Amino acid sequence: MGRKRKRERVTFKRYFQLMLPFVRPYWKLIVLMFLVTVVNSCASFGRVGLAKPVFDKLLVVDVKSDDATQAASAVPKAPREPKALEYLPESWREVEWIRVFAALADKDAELPGVEVKDYFYMICVLAMFVAIVMAVTLYAKVIVQRMIVNSVTVDLRRHSYRRLVAQDVGFFDRSRSGDLIARVTVDLDLARQSLDHLILTLLDKPIAIVTGFVFCLVASWQLSMIFFVGIPIVLVPVAVLGKRIRKGATRRQEHMGNISDALVQTFAGIRIIKAFRLERAEADRFAVLNRLFFRKDMSVARARAMSRATTEFMYTFGIALIMLIAGSWFIATGSLEALGGSGAIITFFLGLGLMYAPAKQLLKAYNHFQESAAGADRLFGVVERAPVVQNRPGAADLGGVERGIRFENVRFHYNVDEPVLRGIDLEIPAGKTVAVVGPSGAGKSTLLDLIPRFYDVIDGAVKIDGRDVRDCTLESLCRNISVVQQDPFVFNSTIRENILNGRPDASEADVIAAAEAAQVMEFAEQLGGLDAPVGERGGLLSGGQRQRLTIARAMLADAPILLLDEATSSLDSRVERAVQQALDRLMQGRTTLTVAHRLSTIRRADLIVVMRDGEIVEKGTHDELLARGSLYAQLHELHEQRDAR
Ligand code: ATP
């Protein structure tokens, strides 16, 4: 928990560091989106900007005297060329539409011979042009944004999966499946949302706000100054509350991991839950987790609501303040000219109104971003973890196996310091079978797990043909080792696909040969052939059938080393015989280390190793060990009794 707390800080910097590699490949699209957004933003403010000439040229109304509050009067102006024309080349100045256009933007300009209707037509044409630009850029903007976010999400999901499966077995021992599932589903979705907020709002809205700022400034710089000076005051509570949202969201996501884990446990243990009538107790436990999640979610919601309420208040208060200032000015001087004129003031307020929506969305997105960045942080917490077991620099290909496997003074413990293997020395010559027997918890399965580097030794070495397994590439180790586990695991697909997992490029003839050798064909035919489904975790097969299927898989893999962890559960004698025959064929000519529970396997082994408390206490053939009459003899007696039952 302490470690988790420390990871809580999801700073913008860290977020960008994490996401940058995924976003970088799409930089061209980002530049395109930026350009399109700028054009779109300018067009939307341009649309509002058309209100100014409407007031200045069409509704020529200005307030000039105290009694003007009762009646507005149109005051003719001395004709003056638009100032903008002075900056244009000589030839352009005479073009009629350019002259009208320039006059529209200049409140006091008057063109001889140009009538109000000319201005009116020009405004209509401009409005249509703006409409087309807005529609086209809006469409392009949305498509490009979605393209970026969706592409990054797909890359992120693929990368997360790859990184997760690359983790070492020890990592999965310590992790809770439900929490991992929550990280690559819910948290990944939050990471996607954070990107949505970032690209759709945090990049987009500031452009609208900056454009609006310039717009307001042009309309009335005097009023703009008053309003914008107040902005930093608003940002302080926003930042403080944003931090609170982020912290709350991290805790909330941890609780989501707990909920997900509870569900996984429930589904996995549903038979036990039913058999022991634990439904109610489990439901109560789930309700507690659910309530905790609710509380954390509410604390995030409170911080979010407070942030929104504060800024809403500041915004409305700011507008009221400006109105007060403008009104007082008018009362005192009787004119609005000093503030830019009535058209400018109205345009200023329209611009402010247009900025309101993006500013509000920006704040909302900032808060959401804080929440979703917490998800990104949790996701990367596992995705970025370097696997403990990985290829060393300079690791070489193992090639084949000619001499055999050697354990040299091997010591091992799991996370707790309690030793599980205490100085194991053992040799398994190539092509021979060594059976490991011993009481439960002696360390037999652990011994097997060190060969394919499911875990790395703490001290000593495991060597194949004299080469430390840690100096071999993981790929070449896997190619040379087949594992048949105590709990035969099959994937939820067909019999054929499960066998093919042993060697995906195998021919049909090889698959059939493996299926026949492992006596899979017998039951496959009854189930409808090799393409029959096996169900989740092989639920449509019996225990013995699952075992034979995993044997067929190992048969197809045809690796020189075989690690066999025999099932302790007794199968009925007919099935047992079928499994044993399949195993016998599999073991032929391979270097085999087997945790043996079947007397037949034990008897036939070239060497039997007896383990107790992480040590090898006896070694020898079946007859030698029986003659000694110690631990092996007792275990043998137990096995015989079990087999007789
Ligand atoms: P069994 O015959 O019951 O399968 P075993 O002889 O194969 O037992 P191991 O499974 O190797 O024994 O376990 C040896 C010890 O290591 C046990 O005390 C067990 O609790 C512990 N252990 C096994 N796996 C892990 C793990 N993944 N994490 C922590 N401790 C473990």
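From a predicted model like this one, the values you see are computed outputs, not experimental measurements. Numbering of ligands and ligand atoms starts at 1, following listing order.
- For Gly438, the closest heavy-atom approach to ligand 1 does not fall below 4.0 Å.
- Proximity annotation for atom 22 (N) of ligand 1: of Tyr414, Phe412, Phe172, Tyr414 comes nearest, heavy atoms only.
- Atoms of ligand 1 lying under 4.0 Å from at least one heavy atom of Val420, given by number and element, are 14 (C), 15 (C), 16 (O).
- Aromatic ring orientation, Phe22 versus Phe380: tilted (interplanar angle from 30° to 60°).
- No salt bridge links Arg467 with Asp397; every basic N to acidic carboxylate O contact stays at or beyond 4.0 Å.
- Atom numbering of ligand 1 starts at 1 in the shown order; those under 4.0 Å from a heavy atom of Tyr455 are 27 (N).
- For Thr446, the side-chain hydrogen bond (donor to acceptor under 3.5 Å, both in side chains) partners two or more places apart in sequence, or in a different chain, are Tyr414.
- Around atom 2 (O) of ligand 1, the closest heavy atom drawn from Arg174, His413, Lys444, Glu418 belongs to Lys444.
- His159 pairs with exactly one of Arg163, Arg162, Arg157 by the side chain to side chain contact (heavy atoms under 4.5 Å, CB included) rule, that one being Arg163.
- Ligand 1 places these atoms under 4.0 Å from at least one heavy atom of Thr446: 9 (P), 11 (O), 13 (O), 14 (C).
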Mind listing the side-chain donor-acceptor pairs of residues 616-625 below 3.5 Å, one per line with the distance, residues two or more places apart or on another chain?
| residue | atom | partner | partner atom | Å |
| --- | --- | --- | --- | --- |
| Glu618 | OE1 | Ser630 | OG | 3.2 |
| Glu618 | OE2 | Ser630 | OG | 2.4 |
| Glu618 | OE2 | Leu631 | N | 3.0 |
| Lys619 | NZ | Asp425 | O | 3.1 |
| Thr621 | OG1 | Glu624 | N | 3.3 |
| His622 | ND1 | Tyr632 | OH | 2.7 |
| Glu624 | OE1 | Thr621 | N | 3.1 |

